[in-house]
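Notes follow the structure.
All ligand and atom numbering here is 1-based and tracks the order in the structure.
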Amino acid sequence: MNPTADGVAAALDRAIRRLRSSLPEDRVLVHPDRLATYQSDGLLHYRIPPGVVVLPDTADEVRLAVRILSEERVPIVARGSGTGLSGGAVPVEGGAVIALSRLRRVLAVDLDSERVVVEPGVTNLEVSRAVAPTHVYPPDPSSQVVCSIGGNVAENSGGAHCFKYGFTTNYVLGLDVVLGDGQEVRLGGEELDRPGYDMVGAFVGSEGTLGVVTRVTLRVVPVPETFRTLVAYFDSTDHAGRAVSDIVAAGVVPGAIEMMDNLAIRACEAATGAGYPLDAGAALVVELDGPHEECEALFGRVTALCEANGATGIRVARDAAERDLIWKARKAAFAAMGRVSADYYVQDGVIPRTSLSEVLARIEELSGEYGLAVANVFHAGDGNLHPLVCYDGAVPGQAEAAAELAGRILAACVDAGGSITGEHGVGLDKRDAMPLMFGEADLDAFQRLRCAFDPDGRVNPGKVMPTPRLCGEVPGPYRRHPLEEAGVAERF
Ligand SMILES: Cc1cc2nc3c(=O)[nH]c(=O)nc-3n(C[C@H](O)[C@H](O)[C@H](O)COP(=O)(O)OP(=O)(O)OC[C@H]3O[C@@H](n4cnc5c(N)ncnc54)[C@H](O)[C@@H]3O)c2cc1C
């Protein structure tokens, strides 16, 4: 079914009129200048202006807005803080954005049960602040100061400490979700393992395509007794990669194990002055946490393994301030690239940890072939690479070359037995890469799940799936859809 442009514009006008008469005035944005803020996420080269932005203040307002938009058949895209790096929150042209940034209340903190209930617009860091100083929310994306828990749930976000502690999906107990027709459902609850289908598991990582989250119940954990943090410097990422393999093979499970190559070190140093040597080929941040005696015993082993793999120097954090400084540099890595390159393209792929040297060598080869520098910053323990492809958008053709190079890096990850995304999601950016990993039958199973939640395809359409289909459409050679058979829809 392909409604005419006039029909779409008329539906949007009707929806805007109804939204304005049902919600306080400041909740509905239509002026082009104000809409411009919402036209892209952290991946700025995708820009689509929405037709309307709704800024609800409560879950009731979300329900009301979604119901009106659904009745008027206007597609909706949920948006948290807009830091996504796969174009997930990019609007549908002439559609609506529901921005959840006003829903930022911490609703309940129950430390005895190690649970916290928050609205989706609460930032990742605010969750940890709400349970400090005794507890912490472990998934810690580098964007944690600004990214929202709703966005983290949608992307199943990870971070430096997920190697030991697991990802967002390991911490979400329950969700209130407004479906595409405005109905509200509660998935999961307050316990770790509810009877029945694991609907929370299905929802986390669904990238805003199954509904809009309005309330999240999260698990938190006690703050470890001790932290021991070091940065080891190496001549090359190859040596640092071998140290990672040896540390993990020795049975040590660091709280975090992160790597930066020389270009990333130089960028981070320029941005933070954290004291990393500018001539190091690679820096490996290793953090142990847990009981004091355990950390002390393992720390010696980690240091010895770094030295055995040719570490040229080891810096040990003497206190909390130095630990913060070491992390500040690592967490600033993406933003810091602006110090060494006019523009950069963030790639996100996963490889088996054992293929680290091989894939990094391939990235270097590709970088030479395209004449574009690539910085590498990654969660080494998980094999989750973040190659940052540097380019200058003012030079004709460089942006396209950077995108092509980033795509070839992704193919190298898949060839090595890895994945097209670790934590940034598929969104708009990688939907065409889905067939690199999934066959028709796999994609069809995903589509059926999506249709079970959103049969009218109203929520974040055009994302994740490489070839969007109508719900109920049969995959394979073209066959007439039941709506076409009934004369309700036609194919163009
Ligand atoms: C500098 C920088 C560093 C980053 N580091 C990391 C990192 O270490 N690890 C990591 O995993 N990611 C990282 N990211 C990516 C990004 O921060 C995460 O994907 C984050 O979870 C997005 O949250 P957000 O609130 O900004 O979501 P948005 O960008 O607003 O939206 C992301 C997706 O979530 C959906 N969504 C948002 N809110 C809701 C809701 N309430 N209900 C349903 N769907 C919703 C949107 O539709 C969209 O598909 C980084 C990004 C930047 C810019």
Side-chain angles (χ1 to χ4, degrees), residues 37-38 40-44 46 56 59 62 66 75-92 95-104 118-126 139-162 167-169 172 175-180 187 203-216 256 258 271 327 330-338 344 346 348 350 377-379 382 384 386 388 421-429 431 453-454 459-464:
T37 308
Y38 300 87
S40 54
D41 63 2
L43 214 53
L44 295 172
Y46 294 109
V62 176
V66 174
I76 62 167
V77 176
R79 181 184 174 100
S81 305
T83 66
L85 290 171
S86 56
V90 171
V92 174
V97 166
I98 309 239
L100 283 310
S101 42
R102 282 186 173 165
L103 272 80
R104 53 188 315 154
V118 296
E119 291 185 332
V122 169
T123 65
N124 174 290
L125 197 60
E126 279 166 358
D140 58 342
S142 303
S143 51
Q144 67 187 144
V145 182
V146 275
C147 68
S148 74
I149 282 296
N152 290 182
V153 167
E155 300 290 353
N156 188 19
S157 295
H161 289 84
C162 291
F167 291 73
T168 303
T169 191
V172 182
L175 294 170
D176 283 4
V177 174
V178 177
L179 300 177
L187 310 178
F203 196 96
V204 177
S206 61
E207 305 193 24
T209 62
L210 303 185
V212 183
V213 176
T214 55
R215 184 176 184 270
V216 190
E258 300 278 305
W327 278 116
R330 164 58 191 92
K331 295 209 171 187
F334 291 0
M337 288 315 291
Y344 62 95
V346 182
D348 165 49
V350 182
V377 183
F378 48 97
H379 307 310
D382 300 314
N384 185 186
H386 290 315
L388 305 165
T421 170
E423 51 188 21
H424 297 170
V426 176
L428 195 56
D429 195 45
R431 60 181 187 180
F453 278 83
D454 181 29
V459 188
N460 217 359
K463 309 288 168 60
V464 183

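H161 meets the ring pair (Phe, Tyr, Trp, His ring centres under 6.0 Å) test with W327; sequence neighbours excluded. In this structure, the side chain to side chain contact (heavy atoms under 4.5 Å, CB included) partners of E155, at least two apart in sequence or on a different chain, are S86, S157, E207. Judged as a salt bridge (charged side-chain N to carboxylate O under 4.0 Å, His left out), and not counting sequence neighbours, E423 has no contacts.
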Could you go through the side-chain contact (heavy atoms from CB on, under 4.5 Å) check for F203 and V213 one step at a time? CA-CA 10 Å; F203 196 96; V213 176; 3.3 Å; yes

side-chain contact (heavy atoms from CB on, under 4.5 Å) between L103 and V62, intermediate numbers included: CA-CA 10 Å; L103 272 80; V62 176; 4.3 Å; yes

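Contact shell of ligand 1 (protein heavy atoms, cutoff 4.0 Å): A78, R79, G80, S81, G82, T83, G84, L85, G88, A89, L100, P120, P141, S142, S143, C147, S148, G150, G151, N152, A154, E155, S157, G158, E207, G208, G211, V212, V213, F334, E423, H424, N460.
Scanning all heavy atoms of the two residues, the minimum distance from R79 to A89 falls at CG-CB, 4.1 Å.
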